[in-house]
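Only one structure is covered here, and it is reproduced in the block below.
Index from 1, following the sequence. These numbers come from the heavy atoms of this one structure, side chains and all, not from hydrogens, waters or symmetry mates.
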Amino acid sequence: MSNVHGKRGAFIVLEGCDRTGKTSQCKTLVSKLEQANVSARYMNFPDRSTQCGQLINGYLTRKDDFTDEGIHLLFTLNRWERMKEMVKLLESGVNLIVDRYSFSGVAFSSAKGLDMEWCKAPESGLLKPDLVILLTLSMEALARRGGFGDERYEVPTFQRKVIEKYSMLKDDRYWKAIDADKTFDDLTADLYNEVLRTIENVGEKPLEKLW
């Protein structure tokens, strides 16, 4: 399998509140791309399989506690852990479909009251995505989603703050907001069109750094 034009892969991130369907959609998009003979790989953050990720998992499932600053830096380190591998995959023509990235880290930490610029600083220099798709959902629709409330941050008032922070981070040059309150298949179709357009346009553009 190869990239559409034999160029580098595209780096595409799905962001949004918890339970907007990011994980399922990312995996479905990877399957659709592979069926179309386009090389793709699913990744997610936090990656709970690494040493750092195991500490994060303990925190998210309420087994461990850290300061807000400490957990933010663990989330950032978790992304830096994967950076070399991500660059290698993209340069070899693999398209990365990533479930959450730095924007989640900054939105969630700043929603807890940390300074947004402080939150962005350790993320600076990480790979910049070619496309960020922000899945939006009303609080009412969010509360209807199965499993909402299972983890530490899944509280409506907090999720509202997260949405506000995402709007501050949004950069229209490479962000696209899509309403997730539709059938799974309809949402997949919308996302797939955006993903294909980005893959086709990435060409020989160099990889860029964040912030």
K176, NZ atom: more than 12 neighbouring heavy atoms under 6.0 Å:
no
Does the side-chain contact (heavy atoms from CB on, under 4.5 Å) test come out yes or no for N78 and W80, once each step is laid out?
CA-CA 6 Å; N78 192 232; W80 281 105; over 6 Å; no
Is a donor from one side chain sitting under 3.5 angstrom from an acceptor on the other, for N57 and Q54?
no
Between S49 and D47, a side-chain donor and acceptor under 3.5 Å
yes
What I'd like to find out is whether the side chain of V106 reaches to under 4.5 Å of the side chain of W118, using heavy atoms alone.
no
S109 vs D68, test: side-chain contact (heavy atoms from CB on, under 4.5 Å). Steps then yes/no.
CA-CA 7 Å; S109 291; D68 291 342; over 6 Å; no
Are L126 and L73 in one and the same hydrophobic cluster, where Ile, Leu, Val, Met, Phe, Trp and Tyr link if side-chain heavy atoms are under 4.5 Å apart?
no
Salt-bridge present ([X], [Y]; N to O < 4.0 Å):
| X | Y | value |
| --- | --- | --- |
| R197 | E194 | yes |
| K182 | D190 | yes |
| R8 | D130 | yes |

Evaluate the criterion ring-ring contact (aromatic ring centres under 6.0 Å, His included) for residue pair W211 and F103; output intermediate values, then yes/no.
CA-CA 11 Å; W211 299 318; F103 316 102; 5.7 Å; yes
Among E91, K84, E85, whose side-chain contact (heavy atoms from CB on, under 4.5 Å) with V87 holds?
E91
Test side-chain contact (heavy atoms from CB on, under 4.5 Å), reference P129, set L131, V132, L127, I133, output is V132
I'd like to know whether L90 forms a side-chain contact (heavy atoms from CB on, under 4.5 Å) with L96, so could you lay out the CA-CA distance, the side-chain angles of the two residues, the decisive distance to 0.1 Å, and finally the verdict.
CA-CA 7 Å; L90 289 165; L96 297 182; 3.8 Å; yes
Any chance you could lay out the side-chain contact (heavy atoms from CB on, under 4.5 Å) test for R41 and V30, step after step, and finish with the verdict?
CA-CA 6 Å; R41 176 82 64 90; V30 169; over 6 Å; no
Looking at the rings of Y101 and F11, which for Trp means the six-membered one, are their centres under 6.0 Å apart?
yes
Who are the salt bridge (charged side-chain N to carboxylate O under 4.0 Å, His left out) partners of D186, not counting sequence neighbours?
none
Return the orientation label for the F66 and Y59 ring planes: parallel under 30°, perpendicular over 60°, tilted otherwise.
tilted
